[in-house]
Amino acid sequence: MIPVPILSELTPGTTQRHLVKLPGAALANDESRPVISVTGSRPGPVLFVNAGVHGGEYSAVETVIGLGKTLDPKKISGTVILMPVLNLPAFRARTPFVCPIDNVNPNRVFPGDPHGSYSEQMTHALINEFVVHADAYVDLHGGDIPEALVPFVICRSGNDDVSERSKAIAMAFGLPYVLTVDKPVQPSKGSSSYAAAAEKGVPSILAEAGGVGQMQEDAVELLIQGVINVMWHLGMLPEPKSQIPSSKSQGNSKSQTKKTARRAVATGEKSGADTVPAVLRDSDAGVAAASTVLTKFEWVYTKSAGVWYPKVEAGDVVNKGEQIGTVGDLFGDTLERIISPVNGIVLFLTINPSVLENGLLMGVGVE
Ligand SMILES: [Zn+2]
């Protein structure tokens with residue numbers, strides 16, 4: 001079977017490793033990108049999952065690596081295609097937000113341009129070689145190197161079929177917040193991965209967990225569980241309990257703690273029947289009910305360059321008019337009081353003290 005032409009023949013019932021040269025003149029000298037295909041014994045949907053559109057979101061990258069090692073093709077209907085890192089130049093150079101070759105944020109130029117800059121050619125290749133061949137697309141992110149965040153999923157808002165199916169996948173993923181948006185948050189040449197995929201008719205979400213330049217095991221656990229929840233939602237796994245990354249595969253004694261922490265975030269419970277497989281518990285409990293839907297994403301900026309002193313943390317509730325931090329100069333004088341423009345939840349927060357003029361401080365989700 002050849003569901004994704006650039007990978008050639010895939011053998012049912014096997015996991016295969018590929019080294020892929022993406023098309024595009026600007027990418028001609030790139031190292032090959034690792035891609036893993038997990039081809040089920042039975043036919044079914046094609047799910048494409050990548051991380052590393054932003055090179056410093058390590059929990060997302062580790063999630064894709066972990067899925068490649070733990071998904072059992074014998075138990076899957078359909079095919080899962082996994083790309084751990086798209087933006088390899090940023091990953092190698094530890095560059096946050098952008099690709100160091102053209103200084104462009106790849107997640108602002110989807111669906112890309114085959115004659116554009118490096119990032120535009122890279123996103124064009126991702127959409128046309130992978131996303132358009134999938135029945136569903138999950139783009140995994142997190143806070144980048146200077147960012148902390150509370151786990152959330154983004155998808156396109158709307159009443160059309162693709163948006164409805166995207167939202168159903170977003171709810172199935174099972175993170176605390178689902179944000180539906182109808183236009184890019186930042187003005188830019190293009191759009192984001194999930195919006196471009198939806199434009200192509202492919203239901204799609206962007207899921208975020210982890211951050212601050214670290215590989216955070218709780219975040220990895222959340223994202224792995226989220227992808228498995230999506231596979232169950234798409235009918236790629238016959239029973240929820242048949243496809244769980246076991247503690248054996250995770251290979252350490254922290255597994256139980258991680259699962260408990262994951263459930264605590266996802267369901268609001270402190271602890272519970274820890275022996276019950278997490279995916280079974282979530283499906284029984286109704287993941288959809290656990291996610292709070294937010295419909296507006298308000299980003300807060302500083303006017304002045306300086307030293308950032310946030311008064312809130314990721315996940316905090318903030319009120320319109322509330323002082324949520326200050327920016328000072330290097331003498332210690334306050335330059336600016338940062339006031340929340342809305343009632344909402346702090347979804348991500350810049351945690352590095354050094355901020356530039358018009359620098360991004362946080363994103364607040366609004367119900
Ligand atoms: Zn990102």
Side-chain angles (χ1 to χ4, degrees), residues 1-10 16 18-27 30 32-40 43-53 60 64 67 76-88 99 106-141 153-156 158 160-170 173 184 188-207 227 230-231 233-236:
M1 61 183 293
I2 305 180
V4 180
I6 200 169
L7 301 180
S8 310
E9 190 82 17
L10 302 183
Q16 292 164 265
H18 313 263
L19 285 169
V20 173
K21 282 278 189 191
L22 291 178
L27 284 62
D30 279 9
S32 297
R33 286 167 172 78
V35 173
I36 304 108
S37 58
V38 185
T39 309
V46 175
L47 173 64
F48 177 55
V49 181
N50 72 255
V53 167
V64 180
L67 286 166
I76 292 174
S77 299
T79 304
V80 184
I81 308 293
L82 302 160
M83 183 189 288
V85 178
L86 173 70
N87 188 354
L88 264 180
C99 176
N107 209 26
R108 304 287 178 270
V109 296
F110 275 91
D113 178 348
H115 307 294
S117 74
Y118 182 95
S119 290
E120 292 172 279
Q121 293 191 22
M122 179 173 71
T123 52
H124 181 266
L126 186 81
I127 290 286
N128 290 284
E129 300 299 332
F130 289 94
V131 173
V132 297
H133 300 295
D135 297 295
Y137 170 41
V138 174
D139 183 20
L140 296 176
H141 286 247
V153 184
I154 311 182
C155 65
R156 192 174 76 166
D160 58 288
D161 179 57
V162 174
S163 297
E164 299 271 7
R165 285 157 66 201
S166 299
K167 187 176 176 186
I169 291 170
F173 200 97
S188 52
K189 179 173 179 181
S191 63
S192 297
S193 57
Y194 62 90
E199 281 296 310
K200 298 276 185 190
V202 181
S204 175
I205 63 166
L206 187 159
V227 172
V230 169
M231 291 175 66
H233 171 78
L234 296 172
M236 301 177 76

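Every value quoted in this text rests on a predicted model; they were computed, and no experiment measured them. For the single chain, residues carry numbers from 1 onward in sequence order.
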*So, for V202 and V131, which heavy atoms are closest and what is the spacing to 0.1 Å?*
CG2-O, 3.6 Å

*Quick one: list whatever passes side-chain contact (heavy atoms from CB on, under 4.5 Å) with A51, sequence neighbours left out.*
A60, V61, V64, L140

*Who are the side chain to side chain donor-acceptor pair (under 3.5 Å) partners of D135, not counting sequence neighbours?*
none

*Side chains of S166 and R156: do they bring a donor and an acceptor to under 3.5 Å?*
no

_Minimum heavy-atom distance N87-P106, with the two atoms named_ = ND2-CG, 3.5 Å

*Mind checking ring pair (Phe, Tyr, Trp, His ring centres under 6.0 Å) for H141 and listing every partner two or more places apart, or none if nothing turns up?*
H54

*asked:* Going by the rule side chain to side chain donor-acceptor pair (under 3.5 Å), which residues pair with R165 if we only count those two or more places apart in sequence or in a different chain?
replied: D161

_Residue pair L7 / V20: nearest heavy atoms and the distance that separates them_ = CD2-CG2, 3.7 Å

_Side chain to side chain, L22 and L86, heavy atoms closer than 4.5 Å_ = yes

_From L234 atom CG to L47 atom CG, the distance as rounded to the nearest 0.5 Å_ = 6.0 Å

*With the side chain counted from C-beta on, respond yes when L10 and I2 share a heavy-atom pair under 4.5 Å apart, and no when they do not.*
no

*Identify, with sequence neighbours excluded, every residue that meets side chain to side chain donor-acceptor pair (under 3.5 Å) alongside S193.*
D139

*Considering residues at least two apart in sequence or located in another chain, which fulfil the side-chain contact (heavy atoms from CB on, under 4.5 Å) criterion with Q121?*
A25, A26, L27

_Within this structure, what is the CD-CD1 distance for the pair E199 and I127, rounded to the nearest 0.5 Å?_
10.5 Å

*Applying side-chain contact (heavy atoms from CB on, under 4.5 Å), name anything that partners S32, two or more places apart in sequence or on another chain.*
L19, K21

*Got F48 and T79 here, is their nearest side-chain heavy-atom distance under 4.5 Å?*
no

_Those residues that, when tested against D113, pass salt bridge (Lys or Arg N to Asp or Glu O under 4.0 Å) (two or more places apart)_ = none

_List the residues meeting side-chain contact (heavy atoms from CB on, under 4.5 Å) with P23, not counting sequence neighbours, and say none if there are none._
I6, A125, E129

*asked:* Tell me every residue that passes ring pair (Phe, Tyr, Trp, His ring centres under 6.0 Å) with F110, counting only those two or more places apart in sequence or in another chain.
replied: none

*Do Y194 and N107 have side-chain atoms, one donor and one acceptor, less than 3.5 Å apart?*
no

_For L126 and N50: C-alpha separation, side-chain torsions, deciding distance, then whether side-chain contact (heavy atoms from CB on, under 4.5 Å) applies._
CA-CA 10 Å; L126 186 81; N50 72 255; 3.7 Å; yes

*Do M83 and P34 come within less than 4.5 Å of each other through their side chains, counting heavy atoms only?*
no

*Could you list the residues that satisfy salt bridge (Lys or Arg N to Asp or Glu O under 4.0 Å) with E164, not counting sequence neighbours?*
none

*Less than 4.5 Å apart, any side-chain heavy atom of V138 and any of F173?*
yes

*asked:* For a quick test of reading the model, state the closest non-hydrogen atom pair linking M236 to P45 and the distance between them.
replied: CE-O, 3.3 Å

*Inter- and intrachain pairs under salt bridge (charged side-chain N to carboxylate O under 4.0 Å, His left out), touching residues 115-125, at least two apart*: E120-K189

*asked:* Could you report the tightest heavy-atom contact between I169 and P203, atom names first, then the distance?
replied: CD1-CB, 3.8 Å

*Which atom names give the shortest non-hydrogen contact between C155 and I205, and what distance separates them?*
CB-CG2, 4.1 Å

_If I take atom NE2 from residue H124 and atom OG from residue S119, how far apart are they, to the nearest 0.5 angstrom?_
14.0 Å

_For a side-chain contact (heavy atoms from CB on, under 4.5 Å) check, start with the C-alpha distance between Y137 and L206, then their side-chain angles and the critical distance, and finish with the verdict._
CA-CA 9 Å; Y137 170 41; L206 187 159; over 6 Å; no

*Return yes if some donor-acceptor pair links the side-chain N/O of S37 with the main-chain N/O of I81 below 3.5 Å, else return no.*
no

_For the CD1 atom of I76 and the OG1 atom of T39, what is their distance to the nearest 0.5 Å?_
9.0 Å

